[in-house]
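Labels below follow one simple rule: chain letters A, B, ... track the order of the sequence lines, proteins then strands, and each chain is numbered from 1.
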Number of protein chains: 2
Amino acid sequence: MTRRSSSVTIRDVARHAAVSVATVSRYLNQNAPVSQEVSERIQQVMLDLSYKPLAVARNLATRRTQTIGLVLHNMHTDFFAPLLRGIEAVVSEYQYNLLVATYKHTSRPENLSPLGPQNTDGILVYADSFNEEQLIDLCRVKFPVVLIHRTSPAHLKIPFVTVENRTATRKIITHLIETHGRRSIAFLRGPFEQEDSRLREQGYRDALDAHGLIVKPALIIDGEFDQFVAYRNVKKLLSGEGQRFDAVFTGDDEAAIGALRAIQEAGLRVPEDVAVVGFDDSRLSPFLNPPLTTVCAPTEDVGRTAARLLFNLLQEQPAEMATLLPTDIIIRRSCGCPASAAMN
Amino acid sequence: MTRRSSSVTIRDVARHAAVSVATVSRYLNQNAPVSQEVSERIQQVMLDLSYKPLAVARNLATRRTQTIGLVLHNMHTDFFAPLLRGIEAVVSEYQYNLLVATYKHTSRPENLSPLGPQNTDGILVYADSFNEEQLIDLCRVKFPVVLIHRTSPAHLKIPFVTVENRTATRKIITHLIETHGRRSIAFLRGPFEQEDSRLREQGYRDALDAHGLIVKPALIIDGEFDQFVAYRNVKKLLSGEGQRFDAVFTGDDEAAIGALRAIQEAGLRVPEDVAVVGFDDSRLSPFLNPPLTTVCAPTEDVGRTAARLLFNLLQEQPAEMATLLPTDIIIRRSCGCPASAAMN
DNA sequence: TGCTTTAATGTAACCGGTTACACAGCCCCT
DNA sequence: AGGGGCTGTGTAACCGGTTACATTAAAGCA
């Protein structure tokens, strides 16, 4: 591709200012004294030549990229927007750069991840975008990593930040049982590879167990955190006879969209006939019809916290190993509570 | 910050494989013949040492970063999610990296933009995040730039991709006038610095003029493409007497949220008393109450197209100067059309 | 006054790749 | 048989910064 016309280098500046390159470099980095007079001369020359230090050369010399990376397995959902927002805020506060890549560890041949020690000072890894093997490799070279929405493999000590999944799910299911008397609660599972999915399922089982309700396998179906998958599968569940349910936990808010539609198209009322609750408190959830009762996950805060943690690592400051951000249940209408309870 | 423990270099590989660094480099880049035997030896050594070429060194040598940048003025709205998605798809197709930064040209002292020739091969500039002066600087050094949601300053020939703003707005306003007989249509202006805002306002004026309606300045208020600003200002407009209106174009869908709320809180019905229409067809719009009639802007496609264009520039292929992606009006309920018309 | 510090600067090696140039050996062609 | 072309390889310069080390002059101190 394009070869950039060679631009002005630090040597040009040095020559014009009649000083050595070292002095120019010192002026640039303010890391050694430079006389007032020389400083001014250099500054002037830099302006005249409109000199811009080449980041890549500096990076090579210092062995630092001033860049952190974020690996996501995709950008399909709106979930990553607040996440990215939180991360970006911290990154720019530190005057760093942010490299964003989507990547899924699945393609076996040459697991050449787009982000790593080659091009960043540290990375944020979302959920299962990297597999354990890749994490091990990074640990071996002591590369700073912070995991997002997944815990660290036991033997690797990688800091992670995620949200309270299990107890939050237990609480919201408990709400369906205790407050609304629901006893046949369907569960839409998220992608199995994502820890969030598995923990939410545990929370669901916890709640049922605690109330002496038996877990009916037929009521546990795939939602995949996906509107369309959820729609299809809830529809299928509704059409099969004998699979009556009076509530559904949709796994996340994305899937709730599909679930709501399937239920309403079947002529059932939400929440009267079937209560629906989600997880995430996505941007959409208050606007669904009826407004969705859900678990509020502080996604932007997750992003901020993870980024902060990574910067701690970069500065070799202590970093919390495990951060579990609290989640709240947000009562709206879809669980059966009166509309009065908060219109967020 | 952390100094990475010096890792395996190409010279180590060369030594272990008993060849020169040039040969290793050739093997890596497949840009010159290397004998079968030597290739295998090198490959083995690379595996043994788990050698990873340092991107930054390669970048310095080749004067290419394999990275493009995206400058946004902020990430507050959900708008940038589909945009980013489109861009990322193309970037990863080209095996490039994507650097994302938020930046606003306003802070005068040292307008050191985070993205530029120092660290990328080309950049995508959203709306007014860069000012004209900065664009001029980039043009001077022939740096590849593609503008998003703004046209090129006349004298600079920078390719840009944006959406049809003016005629789309004219059409949707015309719909309010002709189909629904609205004659007092309020207009929520977006941020003045954004071209989109200004063009939409022109479209609004076009439509009114074409129907012999006079533009009442009192009905043109600030919405700032912001839910809360829109809420406040619509509320204010409703409380002032004499400022009756029977429809409002909210500038974008974000502002529509606030407008709807303000109108409904004032006890007016949408669309019966006041019709509301937006712009963007954001993820939320079909879920608003009532579902929002709006202009569908192909944001993800804007991202893809802009990225493609930038890669054309990088490869010195011809690139379309002006790309104006078509917008459609999406009829839902909030304009007054019957609910039947598409539940998207 | 003589010695130690400190400020200010220069020289040149270094970061880890790429690549221009040189060259050896082999094949093919006239 | 000799020369042109191709294959495969090595040497070393180069990309544009940083920085260890050396050096000089001025300032501080006993």
**Student:** Side chains of B:H73 and B:Q194: donor-acceptor distance under 3.5 Å anywhere?
**Tutor:**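 Short answer, yes.
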**Student:** Do you see a donor-acceptor pair shorter than 3.5 Å between the side chains of B:T151 and B:E195?
**Tutor:** yes
**Student:** Rounded to whole Å, please give me the gap between CZ in A:R63 and C1' in C:dC14.
**Tutor:** 11 Å
**Student:** Apply side chain to side chain donor-acceptor pair (under 3.5 Å) to A:S92 and list each qualifying residue two or more places apart in sequence or on a separate chain.
**Tutor:**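 Scan of A:S92 (side chain to side chain donor-acceptor pair (under 3.5 Å), adjacent residues dropped) gives none.
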**Student:** Could you list by number each residue of residues 31-52 of chain B showing a heavy-atom separation from DNA chain D of less than 4.0 Å, or answer none if no residue does?
**Tutor:**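 By residue number: B:P33, B:V34, B:S35, B:V38.
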**Student:** Whole angstroms only, please: what is the CD1-C1' distance between B:I10 and D:dT11?
**Tutor:** 14 Å
**Student:** For B:T23, enumerate each residue passing the side chain to side chain donor-acceptor pair (under 3.5 Å) test, keeping only those at least two apart in sequence or located in another chain.
**Tutor:** B:S20
**Student:** Tell me whether the side-chain N/O atoms of B:R58 come closer than 4.0 Å to OP1 or OP2 in C:dT18.
**Tutor:**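 Answer is yes, contact under 4.0 Å.
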**Student:** Which of these passes side chain to side chain contact (heavy atoms under 4.5 Å, CB included) with B:L98: B:L124, B:T67, B:L84?
**Tutor:** B:L84
**Student:** Please state how far atom CD in B:Q30 lies from atom P in C:dT18, giving the value in whole angstrom units.
**Tutor:** 12 Å
**Student:** Look at B:T9 and C:dG16 and indicate whether a side-chain polar atom (N or O) is within less than 4.0 Å of OP1 or OP2.
**Tutor:** no
**Student:** Counting N and O atoms only, with roles assigned by atom type, does the side chain of A:E88 sit under 3.5 Å from a partner on the main chain of B:T102, one being a donor and the other an acceptor?
**Tutor:**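 Confirmed, A:E88 side chain pairs with B:T102 backbone.
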**Student:** Without decimals, in angstroms, what is the distance between A:L28 CG and D:dG17 C1'?
**Tutor:**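 That distance rounds to 9 Å.
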**Student:** Looking at the base of D:dG17, is there any donor atom on it, or on the side chain of A:R11, that sits under 3.5 Å from an acceptor on the other one?
**Tutor:**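 Present.
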**Student:** Write down the distance between CG (B:N119) and P (D:dG17), rounded to a whole number of angstrom.
**Tutor:**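 From B:N119 CG to D:dG17 P: 13 Å.
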**Student:** Could you pick out which residue, B:V56 or B:T23, lies toward the 5' side of DNA chain C when each is mapped onto its nearest nucleotide?
**Tutor:**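 The 5'-side residue here is B:V56.
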**Student:** So does B:T62 get a side-chain nitrogen or oxygen closer than 4.0 Å to the phosphate oxygens (OP1/OP2) of C:dT19?
**Tutor:** no
**Student:** Is the backbone N or O of A:P117 less than 3.5 Å from a side-chain atom of A:T120, with the two atoms forming a donor-acceptor pair by type?
**Tutor:**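 Answer holds: no.
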**Student:** Mapping A:A57 and A:S20 onto DNA chain C by nearest heavy atom, which one lands closer to the 5' end?
**Tutor:**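 First, find each residue's nearest nucleotide; the 5'-ward one identifies A:S20.
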**Student:** Is it the case that the ring center of B:F79 lies less than 6.0 angstrom away from the ring center of B:Y126?
**Tutor:** yes
**Student:** Based on the rotation axes of five pairs at each end, what angle does the helix from C:dT1-D:dA30 to C:dT30-D:dA1 bend through, to 10°?
**Tutor:**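 Comparing the axis at each end, I get an angle of 40°.
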**Student:** Could you pull out all donor-acceptor pairs under 3.5 Å where a side-chain atom in residues 303-314 of chain B meets a protein atom, sequence neighbours excluded?
**Tutor:**
from	atom 1	to	atom 2	distance (Å)
B:R304	NH1	B:E300	OE2	3.3
B:R304	NH2	B:D301	OD1	3.4
B:T305	OG1	B:D301	O	2.7
B:R308	NH2	B:E93	OE1	2.9
B:R308	NH2	B:E93	OE2	3.4

**Student:** Please give, in whole Å, the distance from D:dT18 P to A:L54 CG?
**Tutor:**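 The distance from CG of A:L54 to P of D:dT18 comes to 10 Å, rounded to the nearest Å.
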**Student:** Could you tell me if A:D121 and A:T65 have a donor-acceptor pair between their side chains, going purely by distance under 3.5 Å?
**Tutor:** yes
**Student:** Just to confirm, is there a sub-4.0 Å distance from OP1 or OP2 of D:dC15 to any side-chain nitrogen or oxygen of B:N59?
**Tutor:**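 Checking B:N59 against D:dC15: no side-chain N or O falls below 4.0 Å of OP1 or OP2.
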**Student:** Just checking B:L60: base, sugar-phosphate only, or nothing, at a heavy-atom cut-off of under 4.0 Å?
**Tutor:**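 Base contact.
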**Student:** Which protein N or O atoms sit under 3.5 Å from an N or O of nucleotides 20-24 of chain D?
**Tutor:**
from	atom 1	to	atom 2	distance (Å)
D:dA20	N6	A:R26	NH2	3.4

**Student:** Are B:Q44 and B:E40 linked by a side-chain donor-acceptor pair shorter than 3.5 Å?
**Tutor:** no
**Student:** Is there a donor in the side chain of A:N119 and an acceptor in the side chain of B:R58, or the other way round, less than 3.5 Å apart?
**Tutor:**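 No, no side-chain donor-acceptor pair sits under 3.5 Å.
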